[in-house]
Amino acid sequence: MKKFFSVSDVDDLTSIVDEALALKSSPYALQALGKNRTLGLVFLNPSLRTRLSTQKAALNLGMNVMVLNMDKEGWALETRDGVIMDGTTVEHIREAAAVMGEYCDILGLRSFPSLKDKQADYTEDLFNKFVRFCGVPVVSLESATRHPLQSLTDLITISEHKNVEKPKVVLAWAPHVKALPQAVPNSFAEWMSKAQEQGLVDFTIAHPQGYELSEEFTNGANITHDLDGALTGADFVYVKNWSSFHEYGKVYPVSTNWMLDNEKLGLTNNAKVMHCLPVRRDLELSSEILDGPNSLVIKEASNRVWAAQTVLKRMLQKLDTLK
Ligand code: CP
C-alpha cells in the first residue's frame, strides 16, 4: 500500500478487518517491521484521537514518530503555483513536503476543507500536492472529503459487535451549532456502500432535506428524510452532523428533533450507537445514550489504533519489497 486515502485503496474489506483484529490480539508481534523507519504526522488542524492512536500504532510496530503541528509550529504554507509570495505565506508546499519526505519513510497529513471553495476542497488540491511533492507513502489523517482511518475503524467496530450476519447500519444526521465538513459521513458512506456490495451490511442514510451528500459517496445506499423509519430495526446507528454539500458549507435550520435519545433508540433493534468523536453532548447526541449500555463510542475510539496499525503495517511491508 503506497497511499491510504479512500476505500479504493483497499480491495477486500473482510481481509483488512481480519488483519486489524489479528493485530489487536498481538499488538507487538511486528516490532521488527518498523525498526529504523520514521513516521511523520503533519497536522494542519486539531486532533486528539487521530494524533494519539496513530502514534501508538507506529510505536507498536517499532517505528520512530515525529509530529508537526504545522498550523501552529510550521511556516505559513503556500499551496498555489505561479504566485509571487509577497504576502503572509512563507514556505511553498513544494519545498515543505519534499523536505518532510527526506526525513520520513511514511507521512500522515490532516488537512480539513475550507468549506468555502468547493472545487478546491473536492479536488483535494492540498492533499494531492502533498502526496505529489513528498515522494513517500502518505496516509490520510482526514482530508477535505474523507476520513479513511475513521471509516476503517468503524467497519472493524461493526464487525466486532454485530449480532446478525448482515446488520442494518444507519448513518443518522444530527444537529450542531457549527458548519462541519462532510469528510466523516462521505467516508463512512463510501466504506459502508462497499461493505453493502460485499454483502456485509445493509446501509441507510437519514438526513433532513438540504443535507444530501455528494452522490460520489452515497451510490448504492438507501437515503431517506424519515429518521424514525430509518431507525426501525437498525442494528447500528452512526450519529454525525455535517453541513450542506450542494449549498456548500451552509447550515439550514431543522425544525424536527434529529437528536438521538432513548425514546428514538426504542425504535431500533437495540442498536449500538457510534460516533467518531468529539461529540457535543445533548446537542448531537444525548447524554443518556453516551452514558448508557448501547454506546460504542469509547470502544470505537480505541479501535483507531488497530486501523492505523494495519495501514502502517501494509505500507511498511510495501517499503520492504522495494528495498
Ligand atoms: N475522530 C477523530 O478523528 O478524532 P480527532 O479529530 O480528535 O482526531
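Here the structure is a predicted model, which means the values were calculated and not measured. In listed order, ligands and their atoms are each counted from 1.
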*Asks:* Do Asn303 and Lys24 have side-chain N/O donor and acceptor atoms under 3.5 Å apart?
*Replies:* yes

*Asks:* Do the charged groups of Arg37 and Asp105 touch, with an N to O distance under 4.0 Å?
*Replies:* yes

*Asks:* Please list, chain by chain and in numerical order, all residues satisfying salt bridge (Lys or Arg N to Asp or Glu O under 4.0 Å) with Arg280, sequence neighbours excluded.
*Replies:* none

*Asks:* Do you see a donor-acceptor pair shorter than 3.5 Å between the side chains of Asn241 and Glu284?
*Replies:* no

*Asks:* Hey, what do you get for NZ (Lys129) to SG (Cys134), rounding to the nearest 0.5 Å?
*Replies:* 14.5 Å

*Asks:* Indicate whether the side chain of Glu247 and that of Tyr211 have a donor and an acceptor atom separated by less than 3.5 Å.
*Replies:* no

*Asks:* Contacts table for ligand 1: protein N or O within a distance under 3.5 Å of ligand N or O, distances only.
*Replies:*
residue  : atom  : partner : partner atom : Å
ligand 1 : 1 (N) : Gln150  : OE1          : 3.1
ligand 1 : 1 (N) : Cys276  : O            : 2.9
ligand 1 : 1 (N) : Leu277  : O            : 2.9
ligand 1 : 1 (N) : Arg304  : NH1          : 3.4
ligand 1 : 3 (O) : Thr50   : OG1          : 3.0
ligand 1 : 3 (O) : Arg110  : NH2          : 3.1
ligand 1 : 3 (O) : His147  : NE2          : 2.7
ligand 1 : 3 (O) : Arg304  : NH1          : 3.2
ligand 1 : 4 (O) : Arg49   : NE           : 2.9
ligand 1 : 4 (O) : Leu277  : O            : 3.4
ligand 1 : 6 (O) : Arg110  : NH1          : 2.9
ligand 1 : 7 (O) : Leu48   : N            : 2.7
ligand 1 : 7 (O) : Arg49   : N            : 3.0
ligand 1 : 7 (O) : Arg49   : NE           : 3.3
ligand 1 : 7 (O) : Arg49   : NH2          : 3.0
ligand 1 : 8 (O) : Ser47   : OG           : 2.7
ligand 1 : 8 (O) : Arg49   : N            : 3.4
ligand 1 : 8 (O) : Thr50   : N            : 2.9
ligand 1 : 8 (O) : Thr50   : OG1          : 2.7
ligand 1 : 8 (O) : Arg110  : NH2          : 3.3

